[in-house]
Amino acid sequence: MSAHDHADGHLPHEPEKATLEGRNKVLGFWLFLGAETVLFGTLFSAFLALRHNTGDGPTSQELFELPMVFAATMILLFSSLMSVFAVQAMHKNKVKPMLGWLLVTILLGLGFLGLEVYEFLNYIDEGHKMPTSAFSSSFYTLVGFHGAHVAFGILWIGLLILQVLKKGLTVVTAPKIYVSAIYWHFIDVVWVFIFTVVYLMGKVG
Amino acid sequence: MAAHAHKVKRYRGLMDWLTTVDHKKIGILYLMAGGLFFLVGGLEAVMIRIQLIKPMNDFVGADTFNELITMHGTTMIFLAAMPLLFALMNAVIPLQIGARDVAFPFLNSLGFWTFFFGGVLLNISWFAGNVPDAGWTSYVPLAGPTYNSGHGVDYYVLGLQIAGIGTLLGGINFMATIINMRAPGMSFMRMPMFTWTIFITSALIVFAFPVLTVGLVALMFDRLFQANFFETANGGSSVLWEHVFWVFGHPEVYILILPAFGIISEVVSTFARKRLFGYSSMVFATVLIAFLGFMVWAHHMFTTGLGPVANGLFSIATMLIAVPTGVKIFNWLFTLWGGSICFTAASLFAIGFIPTFVMGGVTGVMLAVAPADYQYHDSYFVVAHFHYVIVGGLVFGIFSGLHYWWPKMFGRMLNEGLGKLTFWTFFIGFHLTFFVQHFLGLLGMPRRVWTYLPNQDFDTMNLVSTIGAFLMGVGTICFLINVVVTSAKARNAKADAWEDGRSLEWTIPSPPPEYNFKQLPLVRGYDAWWKEKMEGKSAMTPAEPPGPIHMPSPSILPFIMSVGLFIAGFGFMYDKLYLAIGGIAVTLICMFFRSVFDDHGFHIEEDEQEKGVHA
Amino acid sequence: MKRLIPLLAGMAFLLSACGRDDLSTLKPQGPVAEEQFNLMKLSISIMTLVVVVVFAICIYVLIRFRRRKGDNTIPKQVEGNHKLEIIWTVIPLILLLILGVPTINTVFGLSKDYSKDKDALQVKVTAHQYWWEFEYPEYGIVTAQELVVPTGKKVSFELASADVKHSFWIPSIGGKMDTNTGVTNRMYLEFPKEGIFRGKCAELCGPSHSLMDFKAKAVDQASFDRWVAAMKSPAVVPEDAKIKEAFESKCLSCHAVGETNSGASAPNLTGVGSRETIGGILYNDEKPIEDNLKEWITDPQSVKPGATMPSAKDVGLTDEELDGISKYLANYKIDY
Amino acid sequence: MSSNHSAAGEEARRHKVEGPRKHIVAFVLSLALTLIAFAAVASGEINSQFTYIILIGMALVQVFVQLAFWMHMKDRGHLFPIMGIIFGVIVVFTMVIMASYWVWW
């Protein structure tokens with residue numbers, strides 16, 4: 001199956017049925033994001049309620065370093081832009097550029113994840129571990145949940161790249177790419193709140 | 001065309017049930033699993049009542065009693081009531097909206113199996129000797145690592161977490177189904193009331209369950225990884241758990257009751273042969289109840305000490321919910337008004353629902369009065385209230401729905417005589433059990449008490465209550481006998497089994513063929529089928545020419561994925577990292593297969609479509 | 001409203017027909033419970049009205065519109081009725097307004113803080129897994145299981161928990177308030193009448209949650225002053241030296257009497273002989289106090305499952321010591 | 001929305017017309033908002049109450065921009081996604097109020 005002709009004219013039988021499946025997928029995913037909003041919202045609420053309870057552990061002012069957070073923010077923002085370009089390429093049915101953009105997206109994602117792991121290891125060295133205080137528990141849970149989402153996104157988009165290489169861009173793969181891009185943006189949106197509420201507000205105190 | 005269709009993979013017997021993605025079969029699976037857990041929870045309830053039959057009884061020990069109440073509550077809410085609702089949703093919704101299946105058949109199956117294995121995990125605790133015993137609300141610190149060091153609450157946390165995944169998937173699935181899969185012509189304001197309530201319930205699931213997920217994750221981290229969310233000694237907050245639990249917990253109540261509202265609306269209008277009175281205000285009331293449902297959680301916490309401002313606000317917000325609920329009650333009454341009411345078992349349960357639920361509703365408003373709630377809170381008054389709402393509301397609704405849709409699900413009419421016997425024993429038993437509990441609470445009996453001292457004027461009423469509980473047990477047994485007797489008989493249900501059917505499910509054979517609708521129907525108004533009947537037609541106008549019907553292939557993956565999560569649950573609980581990782585790996589690998597290997601499904605050709613269909 | 005009054009009176013009569021004076025919320029013995037009872041009566045009356053209306057319509061409809069045999073007519077299909085729908089939206093709103101205003105008033109009224117009020121008695125309540133500790137910071141005394149208060153004074157409570165969440169409830173005097181861990185709650189109560197009132201724990205706190213009872217004893221101001229003085233006087237110790245030794249080494253490691261071992265982790269036993277109950281649930285008027293004490297000390301677990309107190313065997317009390325300590329405690333009375 | 005992918009011809013043309021420009025504008029906007037937020041904290045000269053307001057404001061605007069442009073919420077056919085997110089946000093809002101006022105330690 002070559003990549004190009006599938007998306008344009010040569011569709012499988014019952015095209016409207018195939019469309020409905022794609023439509024279901026996008027809608028279902030949006031509903032899932034609604035649930036994710038509440039999930040992260042609850043994590044944020046728990047963090048907000050507990051963030052001053054540092055006990056004997058380090059406080060947020062002692063812990064956070066803005067340059068690193070800024071770097072992570074930039075990486076994720078760029079990564080989000082890359083996935084926008086990927087979807088645009090997909091809409092124009094340019095498969096190779098699309099794969100290129102997706103690849104850059106996950107590379108940046110990996111960079112972000114690496115930075116986060118490095119940051120966590122640093123904190124652990126400074127005596128900021130899961131059991132240290134209520135602040136540390138809620139911090140690791142919130143930021144860790146986000147990190148896990150990034151990791152899952154990297155695996156997912158990586159898998160999609162392989163799928164497109166094998167199957168080409170079809171009515172089956174296209175909705176997946178679209179949905180994964182929305183997922184990736186959502187992760188960036190959550191990060192906007194994390195750097196605002198956790199890091200910047202934590203630095204202010 | 002057919003060249004593209006793949007060879008049909010057909011399984012038989014057990015394998016058919018494990019791999020099915022057909023919403024009707026999944027509905028039956030939900031019914032069986034939910035029914036099983038209902039019996040388990042009911043048995044626990046009977047044991048609770050036997051223990052309380054007289055003062056200072058020692059039928060069960062104090063520890064066991066706390067385990068019983070915890071498991072009774074958790075089982076009944078998460079493993080019996082919700083699955084039974086999902087059973088009816090699965091069996092009816094696609095038919096009511098004129099669809100061939102749900103939006104995500106694979107996810108539907110996955111949702112069932114995760115729920116099932118979550119429930120099994122929770123109940124394995126009985127055999128592991130570590131049963132959750134901190135109440136279905138699992139308030140910390142009692143449920144925290146310090147005061148509950150065994151594995152009991154771990155079973156609660158992980159069992160609910162896994163079952164919760166299934167519920168969330170179900171919620172997303174049914175929302176997407178109702179939005180995208182409606183038959184041509186069925187606008188939102190032409191949807192049957194049951195479909196509407198399921199739509200709203202699904203939305204509540206989507207927005208409420210993630211809160212529980214986070215709460216359970218936090219509790220799990222506290223218990224397994226020494227986190228400090230709720231450990232006050234290290235800066236955590238026990239009040240936070242109460243908030244998180246009830247931000248989920250209160251919408252959960254509406255998740256349970258709204259579908260019952262929908263069932264009652266269908267049954268009442270069918271058996272009164274009348275259009276549902278005030279349809280649009282019913283829809284509006286449902287939406288409003290759901291919305292307000294998220295704004296009132298702290299009325300479960302009036303005595304926690306939130307202060308007068310919070311207590312006042314939540315009092316008023318809670319009282320407001322009475323208004324849309326009242327609208328619904330009066331709409332049902334006026335649907336009956338001027339109708340031609342036929343008393344079948346289904347309609348008896350629906351009619352019994354109305355006054356019973358009103359009683360549960362008014363005690364709800366009484367509980368909303370915060371200063372008076374300082375007296376009611378955590379007393380037997382509350383126990384009476386929520387059983388009036390959940391048993392008198394939801395369980396009556398489920399019974400009504402089961403009697404009503406049984407012919408559609410199984411092609412057989414339930415025995416009316418046994419059905420009426422079920423109703424009367426269950427109805428009388430219910431009121432005997434729970435009416436007196438209001439007064440027990442007012443006389444000063446706290447809830448969740450293992451036993452009570454004599455000479456407190458509690459004795460007689462507790463005895464009455466226990467007798468009632470036995471009667472409810474008899475009612476349930478009547479229903480089981482009915483099911484057995486009925487399934488031994490030949491299929492006898494017509495397509496329009498009650499002859500007064502109003503919505504699309506009554507236009508297709510009972511039970512429906514795999515693909516539901518040979519041709520998707522064209523909907524021309526509210527009560528689509530009734531409208532056609534009144535115009536003298538004997539079938540719906542088709543919206544498409546007949547042709548081969550595309551079906552999704554069955555798959556064993558959902559089952560394996562759930563087994564993976566089940567194993568991972570044990571891994572987390574008993575600190576066996578390899579089990580946890582292995583279990584999750586199984587699940588992820590299944591997801592990988594699902595993503596990589598496209599499901600092309602298969603087609604049922606026109607000449608095969610009549611096979612095995614009972615007219 | 002006029003129709004409500006006889007209904008209200010009827011309800012009040014019905015509601016007060018049963019229950020113990022010292023326990024039922026329907027027989028309020030103090031202004032706080034009284035106020036709550038008034039709200040209960042108001043809401044019950046309104047709700048009875050609603051229930052009666054719904055039942056009446058329901059029964060009428062079911063009789064009047066039941067399907068006769070062979071009746072195959074199709075009733076008129078009514079879509080709705082705006083006038084009716086507005087009526088049953090507005091009337092409930094009015095009813096809720098009638099209920100809502102006094103609710104808000106009482107919520108704020110009952111949340112008044114008397115912790116700085118010099119005329120009020122201050123009591124610190126600490127809930128433990130299955131017993132209650134009452135501290136009077138103004139007098140520097142600590143007692144357990146039996147709250148003693150003067151009549152006619154506001155009592156301002158500061159509530160907290162030492163372990164898990166409990167809830168402090170004296171139904172006939174006033175509604176409950178939770179004792180949380182890590183934070184304190186405040187509430188006030190008033191005891192206008194002398195008497196002994198039953199208190200309960202209202203939040204699931206473990207196996208013996210159901211047995212975590214306590215008593216609130218309201219006495220006149222003079223008696224209360226005598227009680228305070230007696231509590232502050234030096235502790236009485238067993239006369240027999242051997243029993244004294246056993247008591248001090250095996251009981252006072254956790255318990256306290258008088259000033260001895262203040263800050264103890266187990267109930268303060270000062271004047272335990274004049275308490276109404278042992279362990280909150282063994283009534284001394286049903287069995288001699290000495291027997292109750294023996295039953296309790298021999299195996300607390302069998303009286304209150306999950307209690308933290310070790311059995312006599314575990315601490316190695318001989319039968320002789322058990323008898324001696326029980327006798328001593330039974331006779332350790334305070335006159336007031 | 002997703003019908004784009006099948007009815008590719010017509011839809012793709014619409015996207016070609018749109019081009020990447022608005023996405024780059026959205027990106028630059030996000031970048032600027034992020035910079036302002038970090039600068040407000042890094043400078044340390046503004047009092048903390050006011051900084052909070054700036055931070056929250058910047059975050060909200062940025063999220064709105066990203067949702068609208070990058071996640072296509074401004075496009076047609078997004079009624080249910082919008083309703084879904086809005087309702088989610090309402091729930092989250094009540095919880096944040098709860099966490100800020102009714103949980104104490």
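Keep in mind it's a predicted model, so treat the numbers as computed, not measured. Per chain, numbering begins at 1; letters A, B, ... match sequence-line order.
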Asks: Keeping to residues at least two apart or across chains, list the side chain to side chain donor-acceptor pair (under 3.5 Å) pairs with something in residues 104-114 of chain C.
Replies: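 Qualifying pairs: C:Asp113-C:Ser115.
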Asks: Set out, in order, the CA-CA distance, both residues' side-chain angles and the distance that settles side chain to side chain contact (heavy atoms under 4.5 Å, CB included) for B:Thr304 and C:Lys165, then state yes or no.
Replies: CA-CA 10 Å; B:Thr304 300; C:Lys165 188 181 171 83; 4.0 Å; yes
Asks: Could you look at B:Trp530 and say if it's the side chain, the backbone, both or neither that has a heavy atom under 4.5 Å from chain C?
Replies: side chain
Asks: Picking from B:Phe334, B:Tyr526, B:Tyr452, B:Phe65, which has the most non-hydrogen pairs under 4.5 angstrom with chain C?
Replies: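 Heavy-atom pairs under 4.5 Å are most numerous for B:Phe334.
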Asks: What part of B:Asp133 gets closer than 4.5 Å to chain C, counting heavy atoms only: side chain, backbone, both or neither?
Replies: backbone
Asks: What part of B:Leu142 gets closer than 4.5 Å to chain C, counting heavy atoms only: side chain, backbone, both or neither?
Replies: both
Asks: Run the side chain to side chain contact (heavy atoms under 4.5 Å, CB included) test on B:Phe330 and C:Thr89 for me, step by step, so that the C-alpha distance in whole Å, both residues' side-chain angles and the decisive distance to 0.1 Å come before the verdict.
Replies: CA-CA 10 Å; B:Phe330 284 107; C:Thr89 309; over 6 Å; no
Asks: Between C:Met212, C:Arg67, C:Gln36, which shows the greatest number of heavy-atom pairs under 4.5 Å with chain B?
Replies: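 Greatest number of close heavy-atom pairs with chain B: C:Arg67.
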Asks: Does any heavy atom of chain C fall under 4.5 Å from the side chain of B:Tyr376, the backbone, both, or neither of them?
Replies: both
Asks: Only pairs of heavy atoms separated by less than 4.5 Å count here; which of C:Val32, C:Val54, C:Leu95, C:Val51 has the most with chain B?
Replies: C:Val54
Asks: Please state whether the side chain, the backbone, both or neither of B:Leu333 comes within less than 4.5 Å of a heavy atom of chain C.
Replies: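 Both the backbone and the side chain of B:Leu333 come within 4.5 Å of chain C.
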Asks: If I compare all heavy atoms of B:Gly338 with all of C:Pro75, which pair ends up nearest, and what's the gap?
Replies: O-CB, 3.4 Å
Asks: Looking at C:Asp178 and B:Gly305, would you say the former's side chain and the latter's main chain have a donor-acceptor pair under 3.5 Å?
Replies: no
Asks: With a 4.5 angstrom heavy-atom cut-off, could you sort out which part of B:Thr232 is near chain C: side chain, backbone, both or neither?
Replies: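 B:Thr232 touches chain C through side-chain heavy atoms alone.
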Asks: State whether the number of non-hydrogen atoms from other residues, nucleotides or ligands found under 6.0 Å of C:Glu79 atom CD is greater than 12.
Replies: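 No, the 6.0 Å shell around CD holds no more than 12 heavy atoms from other groups.
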Asks: Non-hydrogen atoms of chain C under 4.5 Å away: do they reach the side chain of B:Phe458, the backbone, both or neither?
Replies: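 Side chain of B:Phe458 only, per the 4.5 Å heavy-atom cut-off to chain C.
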Asks: So, B:Tyr374 versus C:Trp169, ring centres under 6.0 angstrom or not?
Replies: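 No: the rings miss the under 6.0 Å criterion.
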Asks: Going by the side-chain contact (heavy atoms from CB on, under 4.5 Å) test, name the single residue among B:Asn311, B:Leu313, B:Val309 that passes it with C:Val107.
Replies: B:Asn311
Asks: Among all residues two or more places apart in sequence or in another chain, which pass the side-chain hydrogen bond (donor to acceptor under 3.5 Å, both in side chains) test with B:Ser281?
Replies: B:Asn331, C:Glu85
Asks: Does atom CZ of B:Phe284 have more than 12 heavy-atom neighbours from other groups under 6.0 Å away?
Replies: no
Asks: Between the side chains of C:Arg198 and B:Gln456, is a donor N or O closer than 3.5 angstrom to an acceptor N or O?
Replies: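 Judged by distance alone, the side chains do pair up.
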Asks: Counting only heavy atoms closer than 4.5 Å, note whether B:Ala143 contacts chain C via side chain, backbone, both or neither.
Replies: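 It is neither, since no heavy atom gets under 4.5 Å.
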Asks: Is a donor on one side and an acceptor on the other found under 3.5 Å between the side chain of C:Arg20 and the backbone of B:Asn455?
Replies: yes
Asks: Give a yes or no answer on whether the side chain of B:Arg273 reaches the backbone of C:Thr73 with a donor-acceptor pair at less than 3.5 Å.
Replies: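 Yes.
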Asks: Taking the six-membered ring for Trp, are B:Phe277 and C:Trp88 parallel (under 30°), tilted (30 to 60°) or perpendicular (over 60°)?
Replies: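 Ring orientation, 0 to 90° scale: tilted.
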Asks: Taking B:Gln375 for its side chain and C:Thr25 for its backbone only, find out whether a donor-acceptor pair lies under 3.5 Å.
Replies: no
Asks: Counting only non-hydrogen atoms closer than 4.5 Å, does B:Glu499 touch chain C with its backbone (N, CA, C, O), its side chain (CB onward), both, or neither?
Replies: neither
Asks: Are the side chains of B:Leu320 and C:Leu93 in contact, using a 4.5 Å heavy-atom criterion?
Replies: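 Side chain of C:Leu93 against side chain of B:Leu320, heavy atoms only: contact under 4.5 Å found.
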Asks: Could you measure the distance from the CG atom of B:Asp457 to the OG atom of C:Ser24? Nearest 0.5 Å is fine.
Replies: 8.5 Å
Asks: Nearest heavy-atom pair of C:Thr103 and B:Ala370: which atoms, and what distance?
Replies: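 In terms of heavy atoms, the two residues are closest at CG2-N, 3.9 Å.
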